[in-house]
Amino acid sequence: MHPYAILYYIFLCGCYILFGVFWRIGLIIIRFLRWAYIALLYKIPAVEDRRKVVVIGGGFAGTCAAQMLEDFYQVTLIDTKEYFEFTPSVLRTIVDPAHVKRLQVLHTHYLRHSNVIQREVTSVQEKQVLLNDGRTVPYDYLIINTGSTYTAPFKESKVISSARANTLRESNYTIRKAKSVLIIGGGLVGVEMAAEIVCHFQGKEVILVHSQSTLINRFPKRAIRYCDDFLRSRGVRIILNERIVGNKHNVYTTDQGQEIHADLAFLCTGITPNSGFLRDHYADAISGNGYIRANDCLQLQGQVIYPNIFVAGDVLDMREEKLAQGAEQMASIVFGNINALERGKKPKQYISPTDRPVLISLGKFHAVFVFKGWTVTGPFPALLKEAVEWKTLMRYK
């Protein structure tokens with residue numbers, strides 16, 4: 001057994017036993033206080049008379065906004081999947097397929113007063129959205145939280161996207177058979193993916209290719225050095241300042257002409273925002289790189305501002321680290337701004353923090369915690385990430 005395993009499991013059991021009931025009671029109290037606060041500000045109409053809010057996308061921003069709004073508005077959540085997924089921990093599912101059960105919660109389980117539609121939005125019009133089955137859904141307020149996807153710079157059936165837990169879980173058998181694995185991209189996702197594989201599958205050849213001069217290049221030097229040393233000490237071959245530009249069968253070619261042989265490849269770079277559904281009527285709100293523009297109050301902004309349409313999460317055109325905590329903060333701002341508009345008041349601006357705490361997993365028992373220039377490494381940050389996962393998912397239980 002891993003030397004940190006006993007401490008790890010004691011910590012988890014302690015969390016469940018000591019804080020589980022109290023946390024659930026706390027969430028109930030917070031929800032009641034939110035309802036009471038809004039009820040004091042203005043009279044809550046009957047359900048059939050409430051304003052319609054449509055939320056596109058079931059990520060962190062969309063689900064948080066829907067939860068906060070459903071007691072006061074007619075809320076419809078439209079998502080291509082039927083569940084919320086705790087994406088910061090999806091990489092664990094490639095080595096532990098059973099872990100996916102902890103990460104996914106049906107939308108209908110935690111949204112008790114909302115309508116949930118599992119479809120794709122193909123177009124947004126002035127007062128309604130069009131679905132891929134031909135239906136339309138009317139709205140008074142619209143919240144866009146469609147996130148992003150990984151797009152490969154080449155075609156290859158053996159290149160697996162690292163975005164979804166189900167995709168990674170289904171790759172468990174494939175990776176067990178593979179003798180060599182290529183990780184494309186050395187940002188947060190690529191580093192965590194490489195660490196999960198080498199910590200669980202000993203003796204497997206892992207190659208990580210990154211286009212920058214260092215891994216996770218936006219982080220403090222100590223964090224970069226620790227992650228680099230951690231991976232190299234476990235046999236990961238790291239290739240920097242090169243990018244994968246093509247492939248033929250199991251041979252991948254870099255822009256420097258280097259050929260890499262790998263049985264399997266994971267794509268952890270090349271993010272494309274999901275904004276195509278806006279091109280018919282709001283093309284002026286899409287930036288050159290595909291992200292969706294908004295003003296400081298998170299209202300859709302093209303040549304003019306569309307005050308009843310909000311943008312939040314990864315798809316928003318904003319220079320900040322795309323993190324779950326940021327998406328949740330945006331959802332809170334959107335909730336407050338919709339209420340403000342209903343009362344005829346000025347909406348509040350979203351202020352992006354200059355620094356947010358970040359946890360980088362390196363397998364199950366190691367991690368890196370970075371905040372305001374401070375870097376903590378080792379088993380304690382790994383326990384902290386487990387606690388964050390547990391705390392977040394409690395909101396959806």
Side-chain angles (χ1 to χ4, degrees), residues 52-63 65-66 76-85 87 90 107 116-139 141-157 159-167 184-185 187 189 267-295 298-320 322 324 326-327 330-331 334:
K52 296 179 176 66
V53 179
V54 171
V55 182
I56 307 177
F60 281 95
T63 57
T76 299
L77 175 69
I78 305 173
D79 195 14
T80 55
K81 58 189 189 312
E82 63 179 353
Y83 53 82
F84 165 79
E85 184 170 84
T87 51
V90 297
H107 292 314
V116 178
I117 301 176
Q118 188 184 351
R119 284 290 182 271
E120 180 182 355
V121 173
T122 58
S123 180
V124 171
Q125 300 171 4
E126 185 177 356
K127 284 292 183 180
Q128 64 182 12
V129 300
L130 179 65
L131 306 181
N132 60 348
D133 61 1
R135 285 184 294 167
T136 59
V137 183
Y139 68 85
Y141 295 100
L142 178 66
I143 304 173
I144 299 173
N145 164 57
T146 46
S148 56
T149 54
Y150 287 108
T151 304
F154 48 84
K155 293 183 179 180
E156 171 55 57
S157 60
V159 176
I160 300 170
S161 170
S162 58
R164 289 288 170 223
N166 284 346
T167 302
I184 304 171
V189 177
L267 184 64
C268 304
T269 188
I271 290 177
T272 300
N274 298 324
S275 59
F277 59 91
L278 285 182
R279 295 193 182 280
D280 291 342
H281 300 279
Y282 298 96
D284 58 334
I286 302 176
S287 68
N289 55 8
Y291 289 91
I292 302 176
R293 298 190 183 98
N295 64 4
L298 303 182
Q299 294 164 305
L300 184 70
Q301 181 170 19
Q303 295 179 356
V304 298
I305 295 173
Y306 303 93
N308 66 324
I309 302 178
F310 294 87
V311 187
D314 290 1
V315 76
L316 177 64
D317 185 27
M318 179 173 290
R319 290 184 60 84
E320 70 171 25
K322 304 296 185 180
M330 292 179 194
V334 170

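Positions are given from 1 along the sequence.
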Practice problem: Supply the atom-to-atom distance E120 CD to L130 CG, rounded to the nearest 0.5 angstrom. | Solution: 10.5 Å
Practice problem: With V124 as reference, evaluate L278, V54, L300 under the side chain to side chain contact (heavy atoms under 4.5 Å, CB included) test and give the passing residue. | Solution: L278
Quiz item: Just wondering, do V90 and E85 contact through their side chains at under 4.5 Å, heavy atoms?
Solution: yes
Quiz prompt | Smallest separation among heavy atoms of P273 and V315, with atom names | solution = CB-CG2, 4.1 Å
Quiz prompt | Q301 side, atom CD; N295 side, atom CG - distance, nearest 0.5 Å | solution = 5.5 Å
Quiz item: Could you give the distance from CZ (R319) to OH (Y291), rounded to the nearest 0.5 Å?
Solution: 10.5 Å
Quiz prompt | Matching residue for I56 among L142, I143, N145 - test: side chain to side chain contact (heavy atoms under 4.5 Å, CB included) | solution = L142
Quiz item: So, do I117 and H107 sit near enough that their side-chain heavy atoms are less than 4.5 Å apart?
Solution: no
Exercise. Calculate, to the nearest 0.5 Å, the distance between atoms NZ and NZ belonging to K52 and K127 respectively.
Key: 10.5 Å
Self-check item: Aromatic plane relationship, F310 with Y141 - under 30° parallel, 30 to 60° tilted, over 60° perpendicular
Solution: tilted
Self-check item: Value rounded to 0.5 Å, distance of CD in E320 from CE in M330
Solution: 4.0 Å
Exercise. I would like to know whether I292 and D317 meet side-chain contact (heavy atoms from CB on, under 4.5 Å); could you show each step before the answer?
Key: CA-CA 5 Å; I292 302 176; D317 185 27; 5.9 Å; no
Quiz item: Looking only at heavy atoms, what is the nearest atom pair of A294 and L316, with distance?
Solution: CB-CD1, 3.5 Å
Quiz item: Between the side chain of D284 and the main-chain N/O of Q303, is any donor-acceptor distance below 3.5 Å?
Solution: yes
Quiz item: With sequence neighbours excluded, what pairs up with E126 under the salt bridge (Lys or Arg N to Asp or Glu O under 4.0 Å) test?
Solution: none
Quiz item: Y306 and Q299: side-chain contact (heavy atoms from CB on, under 4.5 Å), yes or no, with the steps?
Solution: CA-CA 6 Å; Y306 303 93; Q299 294 164 305; over 6 Å; no
Practice problem: With sequence neighbours excluded, tell me which residues meet side chain to side chain donor-acceptor pair (under 3.5 Å) with S287. | Solution: N289
Quiz item: Can you list the steps and then say if V116 with D79 is a side-chain contact (heavy atoms from CB on, under 4.5 Å)?
Solution: CA-CA 8 Å; V116 178; D79 195 14; over 6 Å; no
Quiz prompt | Shortest non-hydrogen contact between R293 and I286, atoms and distance | solution = NH1-O, 3.3 Å
Practice problem: Take I309 and Y139 through the test side-chain contact (heavy atoms from CB on, under 4.5 Å) and record every step on the way to the result. | Solution: CA-CA 10 Å; I309 302 178; Y139 68 85; 3.6 Å; yes
Quiz item: How long is the span from the CZ atom in R135 to the CD1 atom in I78, to the nearest 0.5 Å?
Solution: 8.5 Å
Self-check item: A331 to A65 - nearest heavy-atom pair and separation
Solution: CB-N, 3.7 Å
Quiz prompt | Heavy-atom closest contact (D280 atom, S123 atom, distance) | solution = OD2-OG, 3.5 Å
Self-check item: Shortest non-hydrogen contact between G185 and T269, atoms and distance
Solution: CA-CB, 4.1 Å
